[in-house]
2 protein chains.
Amino acid sequence: MSVGIRHDDLRRRNRAMVIAAVRRDGQPSRTEIAATTGLSHSTISAISADLIGEGILTEGKPNEAGSLKRGRPQVGLGLNPEAAAVMTVVLSLNFLSVAVIDYAGQVVAEEQRRLDTLTMSREALIGECTAIVRRRIEDPDLDIRSVARIALAIQGITDTKARAMLWSPITPQTDIAFADILEAEFGIPATMENDCNMMAVALRWRDPQRYRDDFIAILLSHGIGMGLVLKGELFTGTHSSGGEFGHMIHRPGGALCRCGRRGCVEAYAGNYAIWRNARQLGEDAEPVADVSDAQMRTLAATAREKDGPEREAYRKAGEALGYGLGSLFALIDPAPVAMVGVSAAAFDLIEPALREAIAQTAGGQHSESISFDTEPNELPLIREGCAMRALTFVDQEIFAPGVQARGSAGKSVA
Amino acid sequence: MSVGIRHDDLRRRNRAMVIAAVRRDGQPSRTEIAATTGLSHSTISAISADLIGEGILTEGKPNEAGSLKRGRPQVGLGLNPEAAAVMTVVLSLNFLSVAVIDYAGQVVAEEQRRLDTLTMSREALIGECTAIVRRRIEDPDLDIRSVARIALAIQGITDTKARAMLWSPITPQTDIAFADILEAEFGIPATMENDCNMMAVALRWRDPQRYRDDFIAILLSHGIGMGLVLKGELFTGTHSSGGEFGHMIHRPGGALCRCGRRGCVEAYAGNYAIWRNARQLGEDAEPVADVSDAQMRTLAATAREKDGPEREAYRKAGEALGYGLGSLFALIDPAPVAMVGVSAAAFDLIEPALREAIAQTAGGQHSESISFDTEPNELPLIREGCAMRALTFVDQEIFAPGVQARGSAGKSVA
DNA sequence: TCTATTTTTTCGAGCCTCGAAAAAACACTG
DNA sequence: CAGTGTTTTTTCGAGGCTCGAAAAAATAGA
């Protein structure tokens with residue numbers, strides 16, 4: 001049931017709002033915060049005094065951006081990098097990457113490892129993750145007092161509660177509650193996120209002009225994934241991370257998909273599908289386990305060079321993506337799209353067929369107004385998204401908690 | 001930007017919460033409201049005293065449900081039917097229907113008219129709507145002081161702001177800002193809603209057990225529509241009412257749809273499509289303008305009787321709906337489905353192929369756990385939904401406003 | 001009639017936000 | 001270089017709101 005607003009909630013929410021404004025706007029003055037939040041100057045003054053006292057915010061130098069103005073110069077408020085740290089863990093095909101990030105969002109440490117995720121046992125996979133996290137946390141060079149939160153991202157399906165990986169193409173293992181495991185191991189709150197959702201989160205921070213309330217991030221990689229932001233909120237399914245754009249049906253009974261079903265968008269537009277079509281192996285050919293980025297780049301080069309099966313493969317991918325997007329647009333209306341991943345670098349080969357297909361669908365009404373942007377490198381995006389997700393959690397839950405917790409936190413710092 | 005919470009918002013929100021609790025639970029006592037909202041008894045007591053003083057709530061008789069309990073009996077709080085009235089206007093193919101509903105949700109007046117919506121001019125259509133509303137408002141028999149809000153529903157696409165009909169299959173006219181027109185004409189706040197969304201709203205009130213946070217209402221009528229509730233919120237597109245399930249693509253380049261495109265789900269599952277297939281007219285045959293409910297019932301009867309083109313037509317409809325649902329489930333995960341409209345009465349003919357198709361999709365993982373419910377009559381549902389939508393608006397915006405407005409309202413009643 | 005029990009109201013305390021005024025910190029001016 | 005104007009930030013009292021505890025109200029059972 002919906003719950004009433006208690007009196008203490010007021011301060012908590014407004015604290016969170018101030019922190020969010022500072023994180024969003026960089027170095028806003030108290031006056032600017034008052035303007036964007038709609039709260040009075042007195043309230044902002046009181047809250048920011050508290051936050052500075054607790055070591056969460058810091059006052060910037062007043063002589064920041066050339067003070068040409070007449071009166072008392074604005075004092076920019078910033079996030080105190082030492083207020084907390086968070087950790088990101090990104091698990092992708094044969095690759096594990098962690099980073100420690102300070103409260104202001106700067107990477108202070110990182111470590112990467114190659115693994116053979118496709119053949120590893122459940123225990124080995126979990127072991128590698130906990131080990132790498134432990135190494136970073138216990139690193140004596142790291143002068144971070146404590147990691148306040150861990151965010152994991154994995155390609156595949158996670159549950160709505162952000163506790164577990166349910167299924168992932170990078171491992172035969174299923175249902176690993178990574179978040180619970182890490183929490184139990186280190187006593188640090190953790191969440192398990194879908195990689196494409198983190199891409200969307202990152203895009204929102206990178207370019208809030210373009211990616212604000214409604215947009216679509218599509219990962220064009222070995223598989224096809226999607227992160228969807230609607231009305232300013234990350235979209236998730238009712239039970240899982242949802243948004244499995246790659247497994248919408250493009251052609252009933254069509255090409256064989258990595259998921260074992262037939263006719264999914266991914267079975268035409270995933271790297272393995274483009275590869276399969278370029279090699280003219282037939283739609284029933286078993287998907288290959290991996291195609292290297294270099295191989296895909298070669299494929300794209302060939303397709304650009306001459307009209308042959310390679311070009312046709314990209315055309316088919318464009319068609320599948322276009323019809324898929326058309327169906328998606330029928331549900332949510334058109335929105336800006338960011339194409340991410342190695343095949344986004346071949347978007348020139350994909351776009352014509354994609355636009356042609358969209359024009360045949362309900363999305364076609366605004367065909368020309370749909371904008372596409374490309375970003376070939378997904379990993380940094382996923383990492384950034386994880387970092388922002390973890391930091392936002394700290395902002396909201398740790399630094400803007402109920403009264404009791406806030407009191408003690410205040411004492412421990414003051 | 002997100003806006004801070006002012007001090008006055010507190011009372012406003014908690015007032016809204018109390019009203020919502022009373023509307024939801026029937027005759028809750030103050031103690032029960034305190035329990036469901038999590039607010040203290042004192043707060044509930046104060047707020048309900050205000051609301052009773054303002055004539056919004058009324059105290060029920062204490063001897064309501066056999067007072068077997070020991071102590072002071074609970075006093076049920078109810079909505080005062082005379083506190084306000086709302087009006088619903090439902091515009092469907094060749095049919096216009098309005099109703100006046102009191103604050104407690106009872107219909108106090110209604111009127112219906114047959115029209116030829118497909119051939120009417122823009123002015124005539126608007127004229128009929130304003131005329132019927134005026135007749136109901138100015139009816140001397142009606143002892144309702146004033147209508148506080150009007151909710152219109154129409155088959156087709158409306159804008160996100162709930163101001164205008166953008167496109168509708170029931171008329172060649174487009175972009176009619178019905179809400180603005182009625183507001184200008186009568187000075188009463190109005191909203192323009194999508195019919196299927198109102199079906200979903202109604203289902204939520206009718207059976208909150210089954211249809212709570214996540215469910216799908218699909219209209220199987222001449223066209224195919226959908227109302228979607230996700231995470232307890234009505235789902236809408238970024239620009240329009242969205243949720244155009246009927247125009248997701250089932251087969252690229254496939255059967256001719258009423259919308260002029262090809263291969264939409266509706267081009268296989270709409271009444272005209274079933275009709276077309278049953279008559280073996282071919283997928284390119286121009287959709288007929290209307291098929292009567294009686295004709296559809298005859299068709300279903302024939303299909304049940306013998307294996308022929310009629311049965312095959314329903315099979316194809318089931319397949320299209322199944323693959324469409326499969327794609328939808330890939331995005332949002334499976335959820336309970338309510339099939340509404342005349343073809344829902346033929347769901348026995350549709351279901352086998354539908355389930356078979358879903359099993360071939362990402363939704364298939366939970367194939368057996370997906371439940372279908374049928375309701376052949378959409379009109380009462382749409383009307384109910386409109387009524388609840390309008391009443392909820394009154395609850396939230398008129399009876400739980402900012403402080404200034406509340407003060408004056410209080411005075412005028414006291 | 002008295003007592004136990006449960007619901008509802010009353011009342012003072014504690015917060016929170018707000019507006020107005022004061023204080024602070026600078027640029028400009030002569 | 002002191003004085004003035006301007007803008008930002010803080011201070012302070014007022015007004016509201018919710019809460020907990022206690023009181024009042026309303027009933028069933030003894």
Side-chain angles (χ1 to χ4, degrees), chain A residues 3-18 27-53 57 59-77 400 402-404 406-407 410, chain B residues 3-18 27-53 57 59-77 400 402-404 406-407 410:
Chain A
V3 146
I5 304 182
R6 327 290 264 348
H7 203 199
D8 353 338
D9 295 340
L10 235 166
R11 226 325 155 51
R12 201 184 68 228
R13 296 209 199 183
N14 287 339
R15 273 171 68 100
M17 192 118 340
V18 170
Q27 288 266 345
S29 69
R30 293 168 175 81
T31 309
E32 283 166 359
I33 297 174
T36 60
T37 60
L39 297 172
S40 72
H41 288 180
S42 4
T43 303
I44 300 301
S45 182
I47 291 176
S48 46
D50 280 3
L51 292 174
I52 290 170
L57 297 185
E59 283 189 327
K61 291 127 245 140
N63 53 343
E64 198 69 10
S67 40
L68 302 154
K69 286 198 296 183
R70 203 86 194 305
R72 175 173 176 175
Q74 303 192 351
V75 178
L77 295 178
V403 214
Q404 322 85 322
R406 197 175 79 236
Chain B
V3 147
I5 304 183
R6 327 291 261 347
H7 203 203
D8 354 338
D9 295 341
L10 235 166
R11 223 333 153 47
R12 202 185 67 228
R13 296 209 199 184
N14 287 339
R15 274 171 67 98
M17 192 118 341
V18 170
Q27 288 265 345
S29 69
R30 293 167 175 81
T31 308
E32 284 165 359
I33 296 173
T36 60
T37 60
L39 298 171
S40 73
H41 287 180
S42 4
T43 303
I44 300 300
S45 182
I47 291 176
S48 46
D50 280 3
L51 291 173
I52 291 170
L57 298 185
E59 283 189 327
K61 293 127 246 141
N63 54 341
E64 198 69 12
S67 41
L68 302 154
K69 287 199 295 184
R70 203 89 193 307
R72 177 172 173 173
Q74 304 191 353
V75 178
L77 294 178
V403 213
Q404 321 87 323
R406 198 176 80 237

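In what follows, chains carry the letters A, B, and so on, assigned in the order in which the sequence lines appear, proteins first and then strands, with residues in each chain numbered from 1.
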Below 4.0 Å: OP1/OP2 of C:dC16 and any side-chain N or O of A:N14: no
Atom-pair distance (CD1 on A:I33; C1' on D:dT8), nearest Å: 13 Å
Rounded distance in Å - CZ (B:R12) to C1' (C:dT17): 15 Å
Given C:dT8, D:dC19, C:dC18, the nucleotide with the shortest approach to the side chain of A:R6: D:dC19
Options C:dT10, D:dC12, C:dT8, nucleotide nearest the side-chain atoms of B:V75: C:dT8
Phosphate contact (C:dG19 OP1 or OP2) by A:S40 side-chain N/O below 4.0 Å: no
Protein-nucleotide distance (B:R11, atom CZ; D:dC19, atom C1'), rounded to Å: 13 Å
5' precedence on DNA chain D between A:I44 and B:G71 (nearest-nucleotide basis): A:I44
Distance below 4.0 Å between A:T43 side-chain N/O and C:dC18 OP1 or OP2: yes
Sugar-phosphate, base or nothing in reach of A:T31, heavy atoms under 4.0 Å: sugar-phosphate
Nearest-Å distance for atom pair CG/C1', residues B:D9 and D:dG15: 16 Å
A:E32 CD - D:dT7 P separation (whole Å): 15 Å
Integer-rounded Å distance: C:dT7 P and B:L39 CG: 17 Å
Nucleotide nearest B:Q74 when distance is taken to its side chain, options D:dT10, D:dT18, C:dT7: C:dT7
Residue-phosphate contact under 4.0 Å: A:R72 side-chain N/O, D:dT6 OP1/OP2: no
Option passing side-chain contact (heavy atoms from CB on, under 4.5 Å) with A:S48 (candidates A:I33, A:L77, A:V75, A:T43): A:L77
Flag side-chain contact, heavy atom, 4.5 Å: A:M17 against A:T36: no
B:I47 CD1 to B:N14 CG distance, which is reported to the nearest 0.5 Å: 5.0 Å
B:L10 side chain, from C-beta outward: closest of C:dT8, D:dT18, C:dT17: D:dT18
Flag for B:S42-B:S45: side-chain donor and acceptor within less than 3.5 Å: no
Which nucleotide in D:dG16, D:dG5, C:dA25 has an atom nearest any side-chain atom of A:R70: D:dG5
Side chain of A:H7 (C-beta onward), nearest among C:dT8, D:dG16, C:dA25: D:dG16
Nearest-neighbour nucleotide for the B:I47 side chain, D:dT10, C:dT6, D:dT18 considered: D:dT18
Proximity to the side chain of B:P73 - top-ranked nucleotide from D:dT18, C:dT9, D:dT27: D:dT27
Rounded distance (nearest 0.5 Å) linking atom CZ of B:R30 with atom NE2 of B:H41: 11.5 Å
Stepwise salt bridge (charged side-chain N to carboxylate O under 4.0 Å, His left out) test for B:R6 and B:D9: CA-CA 5 Å; B:R6 327 291 261 347; B:D9 295 341; 5.4 Å; no
5'-most by nearest nucleotide on DNA chain D - A:I5 or A:S45: A:S45
Length of the CZ-C1' vector between B:R13 and D:dG16, whole Å: 16 Å
Atom-to-atom span, CZ of B:R30 to P of D:dA26 - whole angstrom: 12 Å
A:S42 side-chain proximity, nearest of D:dA25, D:dC12, D:dT18: D:dC12
